[in-house]
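Quick notes on the structure that follows.
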Protein chains: 2
Amino acid sequence: MVNKMTEKNTEEKIIAAAEKVFIEKGLAGARMQEIADEAGINKSLLHYYYRSKELLFGMVFRFAFKTFAPDLLKAFDGPDDFFTKLERVVATYLTLIEKNPHIPGFIISELSTNPNRLVEIIKLMNIDIQPVFKAIEEEIEKKTIRKIEPSELIINVLGLCVFPIIAKPMVETIIFKGSESDYKAMLEKRKTEVAHFVISAIKIKD
Amino acid sequence: MVNKMTEKNTEEKIIAAAEKVFIEKGLAGARMQEIADEAGINKSLLHYYYRSKELLFGMVFRFAFKTFAPDLLKAFDGPDDFFTKLERVVATYLTLIEKNPHIPGFIISELSTNPNRLVEIIKLMNIDIQPVFKAIEEEIEKKTIRKIEPSELIINVLGLCVFPIIAKPMVETIIFKGSESDYKAMLEKRKTEVAHFVISAIKIKD
DNA sequence: AAATGGTTTAACCAAATGGTTAAATTAGAT
DNA sequence: ATCTAATTTAACCATTTGGTTAAACCATTT
């Protein structure tokens with residue numbers, strides 16, 4: 001056993017480096033040599049452990065997708081009422097992507113150039129949003145929220161969470177006149193404000 | 001004069017081809033040869049007319065940005081009341097990006113890898129969202145909408161418009177189980193529903 | 001300590017890629 | 001018709017890039 005637990009072994013170093021480079025530059029923009037340099041190893045080791053650029057990229061992409069796809073849905077079961085869940089989902093998700101701000105854009109961008117990637121990945125993951133659909137429909141029946149297509153509500157919540165992060169340069173430059181601190185403050189505020197906004201759009205008061 | 005008005009001249013053919021290829025594949029993924037093939041011309045002509053890949057890309061990027069940045073703001077002046085404007089802005093913008101669905105993702109993605117591009121482009125364009133800020137603040141004062149940060153409202157509207165289009169593969173596959181017609185119907189519906197959603201989130205009824 | 005098998009490296013390779021060049025072609029002016 | 005200047009093309013070039021290979025290295029077993 002080489003692995004001393006304290007320092008990463010080669011495979012881990014490669015994955016960490018590949019994540020960094022691929023997520024930052026995309027499949028087409030990434031260079032195998034840059035990944036090797038980032039990992040501090042010889043380029044041949046990339047092929048020794050992962051065969052090809054495409055295969056290594058696949059690892060990174062699946063990791064990224066798995067990290068970001070399911071958390072949303074899981075957060076939606078539990079005993080709390082719908083609005084509390086919504087608040088929790090948004091706060092959790094925004095915190096997660098705030099820590100990995102390049103990943104949503106990476107996934108969207110790579111899927112845009114190669115939507116096929118999604119087909120394979122979904123086979124291995126079986127994502128089921130049916131429970132979320134059901135939860136929304138129940139609220140509509142209970143008349144706690146107004147009639148709305150569940151798909152529409154889900155898309156809205158996702159868009160409100162993801163957009164300010166993937167569009168950071170534009171938002172920061174144009175809306176906040178280049179002030180990164182204002183941008184960050186906005187992100188922080190959205191952890192509560194997005195749910196607040198959505199709830200005030202759908203809640204039926206009586 | 002070579003130009004017969006009916007058929008595009010070489011420069012135009014190049015730009016059209018470059019738009020298609022760059023917007024589809026991004027700067028890093030695009031190939032000069034592919035652009036030449038798409039335009040039906042010799043690769044040397046790309047350099048003859050536009051010097052380098054970077055310069056040709058700059059043309060395309062500025063065109064894309066100019067097409068998509070300002071329309072939003074312009075639609076916001078006029079005599080109509082705030083909610084009518086909002087409805088019009090959303091419908092207009094969604095129609096525009098529906099016809100060019102790859103452009104928003106293209107801009108976001110390229111700015112993500114090189115935010116510096118935005119700095120130059122803003123010099124040539126001077127985008128001023130101040131009027132929109134003001135319009136929102138006035139509505140708040142008039143108590144037609146609840147107290148909300150203007151930046152927050154703008155970001156929300158943009159996110160609700162842009163997200164379902166840039167995330168098409170995910171939305172279509174996961175939320176609509178692969179049904180493109182359902183996806184398209186959703187987009188169509190959003191031309192009115194997004195404004196409706198936003199208005200119900202901010203309107204003060206009395 | 002010698003053998004073994006996994007790991008790592010330097011050197012190398014073929015294909016791809018952005019870009020150049022010089023010749024050929026074309027269109028308009030004289 | 002001939003000249004001229006812009007346009008277009010094929011051939012070429014240097015560099016980059018993903019990938020391979022064979023030798024070196026190193027830890028463990030015997």
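Numbers restart at 1 for each chain; the letters A, B, ... are given by sequence-line order, proteins then strands.
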Report summary line: Value for CZ (F82(B)) from CD1 (I145(B)), rounded to nearest 0.5 Å, stands at 4.5 Å
Report task. Supply the atom-to-atom distance I103(A) CD1 to I23(A) CD1, rounded to the nearest 0.5 angstrom. Result ->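 These two atoms lie 4.0 Å from each other.
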Query raised in the report: With a 4.5 Å limit on heavy-atom distance, are the side chains of L56(B) and Y49(B) in contact?
Result: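 Counting from C-beta outward, L56(B) and Y49(B) never come under 4.5 Å.
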Non-neighbouring partners of [X] that pass salt bridge (charged side-chain N to carboxylate O under 4.0 Å, His left out), sequence neighbours left out:
{"X": "E172(A)", "value": "K168(A)"}
{"X": "E139(B)", "value": "K142(B)"}
{"X": "K191(A)", "value": "E98(A), E188(A)"}
{"X": "D182(A)", "value": "none"}

Report task. Go through DNA chain D and write down every stem, that is, every run of at least three consecutive Watson-Crick or G-U wobble pairs with distances under 3.5 Å, as range with range. Result ->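 Result, WC/G-U stems under 3.5 Å: C:1-30 with D:1-30.
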For residues 37-45 of chain B, please give each side-chain donor-acceptor pair under 3.5 Å, one per line with the distance, not counting sequence neighbours.
residue: D37(B); atom: OD1; partner: Q33(B); partner atom: NE2; Å: 3.0
residue: E38(B); atom: OE1; partner: K20(B); partner atom: NZ; Å: 3.4
residue: E38(B); atom: OE2; partner: K20(B); partner atom: NZ; Å: 3.4
residue: N42(B); atom: OD1; partner: S44(B); partner atom: N; Å: 2.8
residue: N42(B); atom: OD1; partner: S44(B); partner atom: OG; Å: 3.2

**Report entry** DNA chain C contacts among residues 19-28 of chain A, heavy-atom distance under 4.0 Å
**Finding:**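 The stretch gives none, as no residue of it lies under 4.0 Å from the strand.
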Just the table, please: protein N/O against nucleotides 13-15 of chain C N/O, every pair under 3.5 Å.
none

Report task. Please determine if a side-chain N or O atom of R31(B) lies less than 4.0 Å away from the OP1 or OP2 oxygen of dG18(C). Result -> yes
Query raised in the report: For T10(A) and dT8(C), is the shortest distance between a side-chain N/O and OP1 or OP2 below 4.0 Å?
Result: yes
Report task. With sequence neighbours excluded, give me every side chain to side chain donor-acceptor pair (under 3.5 Å) pair touching residues 155-164 of chain A. Result ->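 Pairs touching residues 155-164 of chain A that pass the test: N156(A)-R190(B).
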Report task. With sequence neighbours excluded, give me every side chain to side chain donor-acceptor pair (under 3.5 Å) pair touching residues 110-126 of chain B. Result -> E54(B)-R117(B)
Report task. Could you pull out all residues at least two apart from Y183(A) that satisfy ring pair (Phe, Tyr, Trp, His ring centres under 6.0 Å)? Result ->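 None.
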Query raised in the report: Could you give the CZ-to-P distance, from F57(A) to dG18(D), as a whole number of Å?
Result: 13 Å
Query raised in the report: Hey, does the side chain of S109(B) reach the backbone of F106(B) with a donor-acceptor pair shorter than 3.5 angstrom?
Result: no
Query raised in the report: Under the 3.5 angstrom rule, does the side chain of S200(B) hit a backbone N or O of H196(B) as a donor-acceptor pair?
Result: yes
Query raised in the report: Counting only non-hydrogen atoms, which of residues 32-55 of chain A are less than 4.0 Å from DNA chain D?
Result: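 Heavy-atom cutoff 4.0 Å gives M32(A), K43(A), S44(A), H47(A), S52(A), K53(A).
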